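Okay, structure first, notes after.
One is the number of the first residue; the rest follow in order along the sequence. The structure presented is a predicted model; accordingly, all values stated were derived computationally and were not measured. All ligand and atom numbering here is 1-based and tracks the order in the structure.
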Amino acid sequence: MSLKLGVIGTGAIGQDHIRRCSQTLLNSQVVAVTDINLEQAAKVVADLQIAAEVYPHGHALINSPQVEAVLVTSWGPSHEEFVLAAIAAGKPVFCEKPLAVTADGCRKIVEAELAHGKRLVQVGFMRPYDEGYRALKRVIDSGQIGEPLMLHCAHRNPRVGENYKTDMAITDTLIHELDVLRWLLNDDYVSVQVVFPRKTSKALAHLRDPQIVLLETAKGTRIDVEVFVNCQYGYDIQCEVVGETGIARLPEPSQVQLRSEAKLSNAILMDWKDRFIGAYDVELQAFIDGVRVGQVGGPSAWDGYAAAVAADACIEAQGSGQIVKIGLAPRPHFYD
Ligand code: NAI
Ligand code: ISE
């Protein structure tokens, strides 16, 4: 039997996830959708030719007996409310990043899940499902480059819209590194500083872009992440791990190498949807399979909380220019 899913939020990633759950993945069926823009929700149902009911709001969808599990793909500030409602209804919930826009919000979700007594939440951090990051982790874990000492990373988007503010470079963009680098290194962050290089003329007046985020982990590994969201040339994710005896780099997504007109070239992708398409498929199939056997896994509410604690410190560091401590409480055994 297919898992009956309800999707809250039919914008860019909502549509993408509805398409993949309806057309690409196994054992899932989208039976309910909603959005504050109900016309858009109805249009998505019609365009994708799925038999899904449009609900008036997220709470009606969560509490519908038709819905067995919930996907939250609405704007970040609405995530906390919907995830808490899904936990209260005892329904598994896949929530796009960020789990909540503040660490306090994530903490409430962790506490609600602990009180429920069983994992219900998977956070949409897809990078741990990306083949390239998985290969990089295998090399680190094998000991082939010794202990990781430094990481040089970049998160570049071609451009962003006018609603994108300076703090979103942390909560919307860097949040992926804040999650995946903890997972890659099996370590937690202890401090952060944010520095701003010369501003690009391609960014709108209100946005400070690029930024360099300097993190330190509990084991003493130093990480620099360049966040540059108006780089123009492509969607480019880089990660280089410098170890004691060697260096390991995140592989480039595979593209045809072209010899033409006296040039040797490789295309660079322009869109996050294409760069991580395989990872999105695998993360959601894992959620569906997990729910069907009663075992939700993958990035947890605790991982969402840990990333949010670091994000809060990064935002403070953006404002002060100082080194800010990152204090994460010990992880409850529930999340081991
Ligand atoms: P979007 O703006 O294209 O779509 C968001 C949709 O949510 C809109 O249609 C809006 O009307 C709807 N919405 C807002 N509040 C709502 C509410 N209270 N109830 C119902 N619907 C509501 O944004 P996008 O790009 O689809 O992002 C959505 C979420 O997914 C964000 O949290 C974003 O950070 C995350 N995201 C994750 C990505 C990833 O790589 N994992 C990539 C892109 C987005
Ligand atoms: C977007 O919301 C994403 O999650 C993308 O993966 C990220 O690259 C982009 O900066 C965010 O705005």
Side-chain angles (χ1 to χ4, degrees), residues 6-20 32-44 54-62 70-86 94-101 105 122-130 133 153-180 207 209-211 225-231 234-238 269-284 287 298-299 304 307-308 311:
V7 180
I8 304 175
T10 54
I13 204 153
Q15 291 175 31
D16 213 36
H17 284 344
I18 294 169
R19 178 202 49 76
R20 67 171 39 87
V33 300
T34 190
D35 195 286
I36 44 170
N37 182 346
L38 287 171
E39 261 175 44
Q40 176 191 265
K43 184 170 183 321
V44 170
V54 178
Y55 281 70
H57 51 75
H59 293 280
L61 178 147
I62 290 167
V70 180
L71 305 192
V72 178
T73 52
S74 47
W75 291 327
S78 63
H79 291 182
E80 178 184 339
E81 171 193 343
F82 292 134
V83 173
L84 287 173
F94 174 93
C95 179
E96 261 310 332
K97 43 65 59 170
L99 177 60
V101 287
Q122 179 176 330
V123 183
F125 285 134
M126 75 296 183
R127 292 200 190 174
Y129 293 98
D130 173 68
Y133 274 108
C153 309
H155 188 151
R156 304 190 186 113
N157 291 208
R159 55 193 58 83
V160 289
E162 62 182 313
N163 291 334
Y164 191 102
K165 307 280 175 346
T166 300
D167 62 342
M168 288 171 69
I170 307 296
T171 55
D172 208 48
T173 299
L174 180 82
I175 198 86
H176 286 293
E177 272 77 17
L178 292 176
D179 176 66
V180 79
L207 180 64
D209 184 43
Q211 317 184 12
V225 186
E226 170 203 314
V227 181
F228 185 13
V229 294
N230 287 284
C231 80
Y235 183 76
D236 194 7
I237 304 300
Q238 300 289 327
L269 296 171
M270 290 299 285
D271 196 332
W272 47 263
K273 285 194 199 111
D274 301 323
R275 170 63 181 84
F276 287 109
I277 191 165
Y280 295 124
D281 287 351
V282 181
E283 71 167 352
L284 269 176
F287 176 70

I'd like to know if the side chain of [X] reaches the main chain of [Y], judged simply by a donor and an acceptor atom lying under 3.5 Å from each other, with no hydrogens or angles considered.
X    : Y    : value
E96  : V72  : no
Y280 : L284 : no
Q211 : T166 : yes
D179 : F125 : no
D271 : D274 : no

Which atoms of ligand 1 sit under 4.0 Å from any heavy atom of [X]?
X    : answer
D172 : 34 (O)
H176 : 39 (C), 40 (O), 41 (N)
H79  : 32 (O)
G124 : 41 (N)
W272 : 42 (C), 43 (C)
P98  : 32 (O)
G76  : 32 (O)
M126 : 40 (O), 41 (N)

Using 0.5 Å steps for rounding, measure from the [atom1] atom of [X] to the [atom2] atom of [Y].
X    : Y    : atom1 : atom2 : value
D35  : I8   : CG    : CD1   : 10.0 Å
D16  : I277 : CG    : CD1   : 7.0 Å
E177 : R127 : CD    : CZ    : 4.0 Å
N230 : R156 : CG    : CZ    : 13.0 Å
K165 : T171 : NZ    : OG1   : 11.0 Å
C95  : L71  : SG    : CG    : 10.0 Å

Which is closest to atom 19 (N) of ligand 1 by heavy-atom distance: F125, F82, Y280?
F82

Check: of G58, S78, A12, G161, min heavy-atom distance to atom 3 (O) of ligand 1 comes from A12

Run the numbers on M270 and Y235 for side chain to side chain contact (heavy atoms under 4.5 Å, CB included), then give the verdict.
CA-CA 5 Å; M270 290 299 285; Y235 183 76; 5.6 Å; no

When you measure from [atom] to every protein heavy atom, which one gives the shortest distance, and what is it?
atom                    : value
atom 8 (C) of ligand 1  : D35 OD2, 3.5 Å
atom 29 (C) of ligand 1 : S74 O, 3.3 Å
atom 15 (N) of ligand 1 : W75 CE3, 3.6 Å
atom 41 (N) of ligand 1 : E96 OE1, 2.9 Å
atom 4 (O) of ligand 1  : G11 CA, 3.2 Å

Report yes if some N/O of [X] lies less than 3.5 Å from some N/O of ligand 1; otherwise report no.
X   : value
T34 : no
I13 : yes
I36 : yes
T73 : no

Enumerate the protein residues lying less than 4.0 Å from ligand 2, judged by heavy-atom distances, in chain and residue-number order.
K97, H155, N157, D172, T173, H176, Y235, W272

Where is the tightest heavy-atom contact between V70 and A86, given as atom of each residue plus distance?
CG2-CB, 4.5 Å

Residues H155 and I237: closest non-hydrogen pair is CD2-CD1, 3.6 Å

Under 4.0 Å between a side-chain nitrogen and a carboxylate oxygen: does that hold for R275 and D130?
yes

Check ring pair (Phe, Tyr, Trp, His ring centres under 6.0 Å) between F276 and all other residues, then give those that pass, not counting sequence neighbours.
none

Ligand 1 versus K97: contacting region, heavy-atom distance under 4.0 Å:
both

